[in-house]
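Input: a single structure, listed below in structure tokens.
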There are 2 protein chains.
Amino acid sequence: MATRTRNTDRRDDALSKERIVEAAVAMLDEAGESGLTFRALSARLQTGPGAIYWHVANKDELLAAATNAALTSGMTAEAAAGPPKDVIRAIALIMFDAIDEHPWLGEQLSRGPWQGVTLQICERIGQQIQAMGVPAGLQFTSASALMIYILGAARQNAANARMHPPGTDRAEVLETHAAAWRGLDPEQFPFLHDIAGQLRDHDDRAQFLDGVNLILAGVGDL
Amino acid sequence: MATRTRNTDRRDDALSKERIVEAAVAMLDEAGESGLTFRALSARLQTGPGAIYWHVANKDELLAAATNAALTSGMTAEAAAGPPKDVIRAIALIMFDAIDEHPWLGEQLSRGPWQGVTLQICERIGQQIQAMGVPAGLQFTSASALMIYILGAARQNAANARMHPPGTDRAEVLETHAAAWRGLDPEQFPFLHDIAGQLRDHDDRAQFLDGVNLILAGVGDL
DNA sequence: ACCTGAACACCGTTCAAGT
DNA sequence: ACCTGAACACCGTTCAAGT
């Protein structure tokens with residue numbers, strides 16, 4: 001119970017960019033991207049929509065701030081130590097889990113250029129690529145391939161999750177999916193028809209990691 | 001100059017899903033995703049907004065139809081013959097070029113599950129994966145890793161392109177970008193600071209292909 | 001400096017009414 | 001069967017006016 005001595009203390013109901021972003025993240029988590037509205041947000045903060053514009057330029061800035069806030073909280077936790085490939089796998093999983101927890105992050109992270117946290121992650125991956133001894137001319141290609149895969153896969157996973165209500169039975173969803181692929185014309189879709197059976201015991205997170213390892217194997221060849 | 005004999009002939013100004021989708025693609029190309037509006041579209045087709053809803057359920061269906069139309073026109077052109085890896089590279093480049101030409105495709109393709117043309121592409125890539133002799137248990141991982149990378153990279157490229165007006169000098173953009181990275185604190189961003197120099201002679205399409213080859217190398221190891 | 005909330009210029013979508 | 005266009009329920013954003 002700290003006594004309120006510093007003059008930086010604020011009344012609990014005072015508006016600030018921090019509080020706005022915090023509320024925005026909560027609303028995005030609860031109601032998805034379409035649930036975040038300046039009207040709904042200002043109602044939650046008990047003000048008018050115009051008040052928010054004093055602290056935030058527009059919705060794009062708000063979404064960018066929410067993205068950075070949601071990702072940063074997960075990123076700082078992990079200390080980046082160990083063999084380069086292990087560190088990359090760890091970073092990848094942190095991002096996968098963050099996007100799994102905040103599905104709206106998927107859309108946001110793969111929009112526009114890398115900056116803020118995304119740039120930091122790119123940097124971290126790049127450092128590991130260098131530590132792996134990849135030739136200078138191929139470092140950027142390797143790092144950006146990993147980056148693109150990680151963001152793309154996590155985003156894909158979030159999109160899939162959004163298709164089904166949170167409580168849906170996992171096995172049932174997979175079975176439905178498998179049945180759809182098995183039902184495809186074997187003449188026209190031999191591949192998808194074939195591998196439909198593999199979907200039964202399918203772990204999204206494990207397959208995500210398999211993909212990362214696949215790229216890491218390719219990077220190791222360089 | 002075919003004579004109008006068949007009763008399937010329509011007056012040129014008759015509305016149809018085909019004409020609507022065609023106009024939608026044109027508007028997306030000209031004005032981007034925010035340029036496609038039911039009001040603007042109906043004005044272009046010289047009707048009211050309600051007329052469109054007779055042929056199309058909603059905007060999502062319209063965007064999906066536009067996506068399929070824009071991608072299909074490019075896909076059918078190429079005959080898929082040759083060594084598996086070559087075919088995969090060819091498919092990848094077709095998609096890259098299609099998204100480069102229709103930047104709005106990037107957003108659309110990585111939204112929701114694979115279906116329509118996207119499913120066909122997945123099938124085609126999967127067939128080549130099988131032809132490469134990849135073990136059954138790793139075929140899906142390989143195909144989806146390629147798929148995710150191709151979609152993600154092309155999307156990233158489209159996002160970058162959208163940042164700059166079409167006429168902008170390429171070298172100038174790269175130089176600005178390189179300067180930004182070079183300006184990063186070397187203590188905090190050693191990797192990005194280091195590779196800034198490589199950006200000067202940077203070819204997005206070539207690097208995209210490098211990434212595909214990287215994954216193909218990893219798949220070859222399996 | 002910071003907040004209020006009505007108002008503006010839009011959206012997607014619906015639906016009675018027409019042909 | 002197909003089209004019309006006004007109307008509904010929203011958006012993001014602005015801005016005069018308040019404290």
Side-chain angles (χ1 to χ4, degrees), chain A residues 4 6-67 69 104 107-108 111-112 162, chain B residues 6-69 104 107-108 111-112 162:
Chain A
R4 291 159 153 254
R6 299 182 305 157
N7 59 5
T8 50
D9 279 353
R10 298 251 180 93
R11 303 229 326 286
D12 285 346
D13 57 346
L15 220 49
S16 67
K17 183 163 179 179
E18 198 179 41
R19 271 194 69 218
I20 292 171
V21 171
E22 188 185 359
V25 170
M27 293 189 71
L28 286 164
D29 287 345
E30 291 164 14
E33 335 196 9
S34 65
L36 179 62
T37 290
F38 273 81
R39 269 169 254 265
L41 181 59
S42 64
R44 188 189 185 106
L45 294 168
Q46 308 199 62
T47 14
I52 297 173
Y53 281 89
W54 182 261
H55 302 273
V56 152
N58 50 38
K59 193 166 186 179
D60 274 347
E61 189 188 305
L62 179 60
L63 283 170
T67 302
W104 50 272
E107 283 266 354
Q108 224 46 44
R111 225 167 61 109
R162 210 167 352 187
Chain B
R6 299 183 306 157
N7 58 5
T8 50
D9 280 354
R10 299 249 179 93
R11 303 228 327 283
D12 285 345
D13 56 346
L15 220 49
S16 66
K17 182 164 180 179
E18 198 179 42
R19 272 194 68 218
I20 291 171
V21 171
E22 188 185 359
V25 169
M27 293 190 71
L28 286 164
D29 287 344
E30 291 165 14
E33 336 197 8
S34 66
L36 180 62
T37 290
F38 273 81
R39 268 169 254 266
L41 182 58
S42 65
R44 188 189 184 106
L45 294 168
Q46 310 199 63
T47 14
I52 297 173
Y53 281 90
W54 183 261
H55 302 273
V56 152
N58 50 38
K59 194 167 186 179
D60 274 348
E61 189 188 305
L62 179 60
L63 283 170
T67 301
N68 276 331
W104 50 272
E107 283 266 354
Q108 224 47 44
R111 224 167 63 108
R162 209 168 353 186

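Computed from a prediction, not measured in an experiment: that's the story for all the values here.
When all heavy atoms are compared, the tightest approach of A23(B) to R44(B) is CB-CD, 4.1 Å. Between K59(B) and F38(B), the closest heavy-atom pair is CB-CE1, 3.6 Å. Closest approach of A65(B) and K17(B) over heavy atoms only: CB-CE, 4.2 Å. A40(B) and M27(B) make their closest contact through CB-CE, 3.5 Å (heavy atoms, listed as atom of the first residue, atom of the second, distance). When all heavy atoms of A24(B) and L41(B) are compared, the pair lying nearest together is N-CD1, 3.9 Å. Annotation for Y53(B) and N58(B): closest pair CE2-CA, 4.1 Å, computed over non-hydrogen atoms.
In this structure, R39(A) places its CZ atom 13 Å from P of dA7(C), rounding to the nearest Å. Between E33(A) atom CD and dG12(D) atom P there is a gap of 13 Å when expressed in whole angstrom units. For the pair Q46(B) CD and dC3(D) P, the interatomic distance rounds to 13 Å; values are reported in whole Å. For the pair F38(A) CZ and dC11(C) P, the computed distance is 18 Å after rounding to whole Å. Rounded to whole Å, atom C1' of dC2(C) lies 11 Å from atom CD1 of I20(A).
Here L41(B) lies out of heavy-atom contact (under 4.0 Å) with every strand.
The number of heavy atoms from other shown groups lying within 6.0 Å of CD (E30(B)) is above 12.
For residues 51-63 of chain A, proximity to DNA chain D is found at Y53(A), N58(A), K59(A), defined as any non-hydrogen atom under 4.0 angstrom from a strand atom.
Rounding to the nearest 0.5 Å gives a distance of 9.5 Å between CG of L45(A) and CD of E22(A). Atom CZ in R111(B) sits 6.5 Å away from atom CG in L63(B) (nearest 0.5 Å).
Distance from the side chain of T37(A) is smallest to dG12(D) among dT13(C), dG12(D), dT13(D). Of the candidate nucleotides dC11(C), dC11(D), dG5(C), dG5(C) has the atom nearest to the side chain of P49(A).
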| task | Can you run through DNA chain D from 5' to 3' and write each base as (, ), [, ], | or . depending on how it pairs? Watson-Crick or G-U wobble, both distances under 3.5 Å. | result | ||.|||||...|||||.||

